[in-house]
Amino acid sequence: MSTDIKALKEAHTEHAVHDLIRQRFSARGFSDRPLSSETMNTLFEAAAWAPSSMNEQPWRYRYALRGTPAFEELWNCLAIGNQPWAKGAAALVVCLGRTNLQRNGQPNHYWLHDVGLANANLLIQAASMDIYGHLMGGFDHDKAKATLGLSELAEEVACFIALGHLGDAEQLVEPFKTREHTARVRRALSETVTAL
Ligand SMILES: Cc1cc2nc3c(=O)[nH]c(=O)nc-3n(C[C@H](O)[C@H](O)[C@H](O)COP(=O)(O)O)c2cc1C
């Protein structure tokens, strides 16, 4: 079943790109297979080797594995449009960023950019291990900060990520089942790129 979803979700590119880039997609249908803390550390290691402005490495991660009280707490922070499918994830990750430079306390204007780079590394590493991630901006910001006990100035919540191996998409409720069965699209490259 998940093989069909993988084929359906594969990117049809105008130019040849790496297989992992074609294969990664934002999954909603996860299997019961757990993720170990060792596997999670591999994903975070990949994230940690992303480039960042002045090597500030503003990313910070907190995560919880399915079946733990912490997983429930993180899941409770998600928007209702994400809760139904994200409940089946093997892990929920909160992506945080330090908004100030550690070297001098001045604002780091690139913190969110660099957290995004780290997350891209994490997703591609995950894809190489047949693990699928789904980023979520739909969450209750205040609830997330309160749940995590974040200090007001040092760290900001960027997004959540649901992670897991692919499962049976038929078990998803609508509209998530249809979304899982919908091919991915991108606008034409010519609308994105201008050679000068
Ligand atoms: C910062 C960010 C926030 C997102 N928030 C959500 C979300 O709250 N719920 C959701 O279902 N998908 C969310 N997505 C996933 C996007 O909808 C998805 O990446 C996009 O449609 C492209 O699909 P693909 O990742 O499968 O290529 C988010 C993605 C990013 C990068």
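In each ligand, atom 1 is the first atom listed, and ligand 1 is the first ligand listed. Computation of the quantities below employed the complete heavy-atom set of this structure, encompassing side-chain atoms and omitting hydrogens, waters and symmetry-equivalent molecules.
Contacts of ligand 1 (protein heavy-atom distance under 4.0 Å) are R24, F25, S26, R28, N82, W85, H134, L135, M136, G137, G138, R184, R186.
Between R184 and R24, some side-chain heavy-atom pair lies under the 4.5 Å cut-off. Side chains of F25 and L166 form a contact here, defined as non-hydrogen atoms less than 4.5 Å apart.
Shown here is L189, whose CG atom has more than 12 heavy atoms of other residues, nucleotides or ligands within 6.0 Å.
Listed by chain and residue number, Y61 satisfy the side-chain hydrogen bond (donor to acceptor under 3.5 Å, both in side chains) test with N119 (two or more places apart in sequence, or in another chain).
Side-chain contact check for T192 and R187: at least one donor-acceptor pair (N or O, by modelled atom type) lies under 3.5 Å. Between N55 and Q57, the side chains place a donor N or O and an acceptor N or O closer than 3.5 Å (distance only, hydrogens not considered).
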